[in-house]
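Have a look at the structure below, then the notes.
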There are 2 protein chains.
Amino acid sequence: MSAEEQSNAQIEELTQRTEEVVLGEDGKPLSKKALKKLEKEREKAARKAETAARVAQEQAANEGPDVSAGKYGKLPMNQSQERTGRHREDITKINAPRAGETILFRARIQTSRAKSSKLCFFVFRQGVSTIQGILTTDDDKASKQMIKFCSNIPVESIVLVEADIVKAAEDIKSCTISDAELMIKQLHIISEAEPRLPFSLEDASRPESEMEKEDAQFSRVALDTRLNNRVLDLRTTTGNAIFKIQSGVCHLFRDFLYKRGFTEIHTPKIIATPSEGGANVFSIKYFNTEAYLAQSPQLYKQMAIAGDFNRVFEIGPVFRAENSNTHRHMTEFVGLDMEMAFEEHYHEVMDVFDEMFVSIFTGLKELFNTELEAVKRQMPFEDFEFLPKSLRLNFADGIAMLREAGVEIGDYDDMSTEQERFLGKLVKEKYHTDFYMLDKFPLAVRPFYTMPDPENPNYSNSYDFFMRGEEILSGAQRIHDAKFLEERCKVHGVDMAHIQPYLDAFKIAAPPHAGGGIGLERVVMLYMGLGNIRRSSMFPRDPKRLEP
Amino acid sequence: MSAEEQSNAQIEELTQRTEEVVLGEDGKPLSKKALKKLEKEREKAARKAETAARVAQEQAANEGPDVSAGKYGKLPMNQSQERTGRHREDITKINAPRAGETILFRARIQTSRAKSSKLCFFVFRQGVSTIQGILTTDDDKASKQMIKFCSNIPVESIVLVEADIVKAAEDIKSCTISDAELMIKQLHIISEAEPRLPFSLEDASRPESEMEKEDAQFSRVALDTRLNNRVLDLRTTTGNAIFKIQSGVCHLFRDFLYKRGFTEIHTPKIIATPSEGGANVFSIKYFNTEAYLAQSPQLYKQMAIAGDFNRVFEIGPVFRAENSNTHRHMTEFVGLDMEMAFEEHYHEVMDVFDEMFVSIFTGLKELFNTELEAVKRQMPFEDFEFLPKSLRLNFADGIAMLREAGVEIGDYDDMSTEQERFLGKLVKEKYHTDFYMLDKFPLAVRPFYTMPDPENPNYSNSYDFFMRGEEILSGAQRIHDAKFLEERCKVHGVDMAHIQPYLDAFKIAAPPHAGGGIGLERVVMLYMGLGNIRRSSMFPRDPKRLEP
């Protein structure tokens, strides 16, 4: 019986026992006596398995007595048996000056290369950090049996290793720790991977540039394959970095707003009526009635403002039943929403947004440089350019720039995605920024609650923000006057019965306010130019993808 | 035409113009010339309205020329016309030493009391802070016309006030600013409330103790009435405080975890299969197929651990299609979820939880004392008691305590809500804490992915945490071994095809890990003993409530 077989047998036994015991005879749990008996049987089985393992190893190796007996093998499934409290090393803290120390650590086996029956090299990985390990028969450090066993452990398995730190003879370029390596003394399997992986981490981590070489002989891991096996893909340095950065964007967003007196709110995702028009909304069976998934927290965050919260934000899922199969649409994404009352002019709110984005862009550069560089190594992108005070253009200026560049477009036409991108290019050339704000959109292309411009009612007090020419935020001053809001509902054909609680909020008076919603995944995608929003969503949802 | 009527007329006119212009003739926007013409008409109308307002005021008052003309009235709807940048005061910063300063501020009229045609008292409110304002004909400070106009403004309207700060003759007990008051010089309406409110803020803010007096003559505002008119209810000091505290809990939760190397993740709420068993799950029409709403981020956060994120958390909505109409159930609530890999024992994770809760409880006390006291004034509660290191009991100890107190309960029975509460009472008496952790639940009452206890397979490595005797967290060590997990699926009758991507995550090896999910609204409710979870959800959802 191999170590793995034994372990399986143990698990099976445990399962059966668990099952017997829990359901017991006629559904009742076993008596203490019966439990004790089971416990004894268990201990006996464990001892037996242990002996068998040793014998099997010795026999299999057929190399005489095993000097490494007990120093390798598969540990029983960790059921939290004991707390020795023995320190387990974070490998990023290992370096040459610590040579001579004996350490214990848990890591994945990223690769193993047996040079002979007497020598095997390992790369161990914790998160995205790697270190080289050596297992050798020199000085009886390990037996041939141990080397055989260890070199056969499937990659991605998680192991517990005891080793001595030694100074590396020369820089180890293949590992993130390059000045030290580890002489392995003990190696046990904590959690074993299946031998066949959907793809190798090496293939999944190859730089785009290598892939494009004509004589490239390795297999490219397509995005769909990655997403189908997302958990494995997340283990790549790039996968890890992208979601560290995503977490960072949320942290920076909130930190900025908390410091400016914003309150975090949570608004319902299940709503009684398709509040923002009937299109693109998912319907739910809600007990004996029908309900819908919120397409944004828009109306509720405005209600919080009417409830005197003054400045609010929310981070939460947003649902769109849009059958768009593009690089930048998903049916579920994370909205970073904010809304605030202002005193005189909605540009006060744009000022807050401006400062906020600059603080996010700066924070990412400062706090996540390692992660950004990691992504760049695999998928090169130009550093995100932004100004200390963001560029603001009026929609009309944008139209003029497009026309000047030969694009035919009407004054009040909504720009197509392509035109937006082209304008982004023109802006970048002229103003050297990948981020800008486009203000004063035509009223006709905005939702019913948008405040018209006071000077020219063809326009509105509304704005979109762009990163690398793609929209990442949409917002506006909202109509806070109940009567005017009702008028606008009529114009837009909005069924007022559907949004009565929203309209009621303004009947008890609300301050002038404005806000906007940011698409988290778009910000992450565009900051690094990832090219597809699915790369910046951990488990993306689109019309064709519901799994994993 | 009253000022209000004029304003309405202006709005109507603007709407019509907006509409005309936007849709224009044959759907095209108007020419520049036509726009200019409209603009002129608009200015003319505005001038006309202004004159009419003055005349009307003078005539209506019939008190001769109005010395306050132009110092009161209704402002045009704020469409962000100009930015004077003139400072607007935060009333919490007003105090007696600042007497003599002239300030400008925006506030709601909380109450107005006209003592005569020559004197009117106001209470102005910003958020939950209030200050007294006085309008008087003394020294020609205001005209009778102005006093009449201002005293007739519906309460809850938002006004812009210019006033002089004066030292209060005696403490003003009815306001939060008690040492200073304001001599009003100008008062204009920014946003007008309807005269009839669903309930008065005064009624909604009355302490429970007053309500319970036998001769109480005011109307009690029932919870359902509050929730039906949630926006108004949020304006009460208690309503405001509760959600400030809710925001604080999220902030403290995240802050603690960020500092300990956790990554924030966002997992999908739309899922392909009813992953945690088919019961209590909402189904969605998803294009041409059916999908479901996630009952927790459980499986996905475990997948993030298998993807080597080591320590993750998520704050997001959780959906339960449970027809439970109790004080502590909702169909949608906010889950504070965390999951982490551990080295030796799942108690490492409980240690993190322990420290985290202590940090939240302490943080609330330190940072939100004002809010807590505010809630307490209306709805008295005993201070939340907790220990610097939280109490941990085994489930079996809990059962023993219950039995000792005369409760009949089997060793492996799940406790009823009532029994949990009773145990909470016993624990409080014995250990003087409102918070404790109950470890080692019977395996049979926990989900399929729960790791059995290594010593006694009737139990499991799982825990619930309690506040004031009610469960606020459920968690466990999860099974990280793919084969054992499959066995447990079989035992529980879980359809493995439904959770294939989850099972696959363990086939490529995952570290031992544990975690838990906290109900945000429960924590807020129980910290303050609010008695009903709907009080701590801004827009609660239950089987009978989908609005507002």
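In this text, all values refer to a predicted model and were calculated from it rather than measured experimentally. We name chains A, B, ... by the order of the sequence lines, and we start the count at 1 in each one.
The salt bridge (charged side-chain N to carboxylate O under 4.0 Å, His left out) search around A/Arg230 returns A/Asp233, not counting sequence neighbours. Among residues two or more places apart in sequence or in another chain, the ring-ring contact (aromatic ring centres under 6.0 Å, His included) test is passed with B/Tyr258 by A/His251, B/Phe313.
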Criterion side chain to side chain contact (heavy atoms under 4.5 Å, CB included) on A/Ile265 and B/Phe243, from CA distance to verdict: CA-CA 7 Å; A/Ile265 59 170; B/Phe243 294 96; 5.8 Å; no
Determine, step by step, whether A/Tyr300 and B/Met538 satisfy the side chain to side chain contact (heavy atoms under 4.5 Å, CB included) criterion, reporting the C-alpha distance in whole Å, the side-chain angles of both residues, the deciding distance to 0.1 Å, and the verdict. CA-CA 9 Å; A/Tyr300 284 98; B/Met538 199 173 257; over 6 Å; no
For A/Leu546 and B/Thr289, run side chain to side chain contact (heavy atoms under 4.5 Å, CB included): C-alpha distance rounded to whole Å, both residues' side-chain angles, the deciding distance at 0.1 Å, then the answer. CA-CA 10 Å; A/Leu546 266 170; B/Thr289 181; 4.3 Å; yes
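Considering only heavy-atom pairs separated by less than 4.5 Å from chain B, the leading option among A/Arg254, A/Arg541, A/Glu547 is A/Arg254. Chain B forms the most heavy-atom pairs under 4.5 Å with one residue out of A/Asn228, A/Leu234, A/Ile190, and that residue is A/Leu234. In terms of non-hydrogen atom pairs under 4.5 Å with chain A, the most contact-rich of B/Glu264, B/Gln500, B/Glu82 is B/Glu264. Chain B forms more heavy-atom pairs under 4.5 Å with one residue of A/Pro501, A/Gly307, A/Pro198 than with any other, namely A/Gly307. Residue with the most contacts toward chain A among B/Tyr286, B/Tyr346, B/Phe342: B/Tyr286 (heavy-atom pairs, distance under 4.5 Å). Of the listed residues (B/Phe506, B/Phe319, B/Phe262), the greatest number of heavy-atom pairs within a distance under 4.5 Å of chain A belongs to B/Phe319. Ranked by heavy-atom pairs under 4.5 Å with chain A, the list B/Ala482, B/Ala505, B/Ala306 is led by B/Ala306. Taking B/Asn310, B/Asn240, B/Ile479 one by one and counting their heavy-atom pairs under 4.5 Å with chain A, the maximum is reached by B/Asn240. Looking only at heavy-atom pairs under 4.5 Å with chain A, the residue among B/Arg86, B/Lys285, B/Lys269, B/Lys244 that has the most is B/Lys269.
Contact detail for A/Arg108 and B/Pro511: the closest heavy-atom pair is NH2-CD, 4.1 Å. In plain terms, the two heavy atoms of A/Met303 and B/Pro548 that are nearest each other are CE-CB, 3.9 Å. Between A/Ser157 and B/Ala509, the shortest heavy-atom distance links the atoms CA-CB, 4.2 Å. Across all non-hydrogen atoms, the minimal contact from B/Arg125 to A/Asp308 is NH2-OD2, 3.0 Å.
The part of A/Leu197 that comes within reach of chain B is its side chain, from C-beta onward, which places non-hydrogen atoms under 4.5 angstrom from that chain. Contacts of A/Ser283 with chain B are made by both backbone and side-chain atoms, with heavy-atom separations under 4.5 Å. Using a 4.5 Å cut-off between heavy atoms, B/Ala510 contacts chain A through its backbone alone, with no side-chain atom that close. Residue contact with chain B, scored on non-hydrogen atoms closer than 4.5 Å, involves the backbone and the side chain of A/Thr84 alike. B/Gln477 touches chain A through its side chain: at least one heavy atom from C-beta onward sits under 4.5 Å away, while N, CA, C and O do not. A/Asp504 does not touch chain B: none of its heavy atoms, backbone or side chain, sits under 4.5 Å away. Only the side chain of A/Leu520 comes within less than 4.5 Å of a heavy atom of chain B; its backbone N, CA, C and O stay farther away. When heavy atoms are compared at a cutoff of 4.5 Å, A/Glu348 approaches chain B by way of both its backbone and its side chain. Heavy atoms closer than 4.5 Å to chain A are found in the side chain of B/Glu332, but not in its backbone. Neither the backbone nor the side chain of A/Tyr292 comes within contact range of chain B; no heavy atom of the residue lies under 4.5 Å from a heavy atom of that chain. Heavy atoms of B/Glu194 lying under 4.5 Å from chain A belong to its backbone as well as its side chain. Contacts of A/Gln246 with chain B are made by side-chain atoms alone, with heavy-atom separations under 4.5 Å and no backbone atom involved.
Looking at B/Phe282 and A/Ile270, their side chains come closer than 4.5 Å, going by heavy atoms from C-beta outward. Using a 4.5 Å heavy-atom threshold, the side chains of B/Glu521 and A/His266 count as separate. Looking only at side-chain heavy atoms (C-beta outward), B/Met77 and A/Met451 come within less than 4.5 Å of each other. B/Pro268 is not listed as a side-chain neighbour of A/Arg545, based on a closest heavy-atom distance of 4.5 Å or more. Within the 4.5 Å cutoff, side-chain heavy atoms of A/Leu293 are placed close to those of B/Leu293. Under the 4.5 Å side-chain criterion, counting only non-hydrogen atoms from C-beta, B/His480 is not in contact with A/Ile158. Here the side chains of A/His347 and B/Arg83 are in contact, with some heavy-atom distance below 4.5 Å. A heavy-atom distance below 4.5 Å is found between the side chains of A/Arg88 and B/Glu344.
Here B/Leu232 contributes atom CG and A/Lys507 contributes atom NZ; the two are 14.0 Å apart, rounded to the nearest 0.5 Å. Atom-to-atom distance recorded for B/Gln81:CD and A/Asp453:CG is 8.5 Å, nearest 0.5 angstrom.
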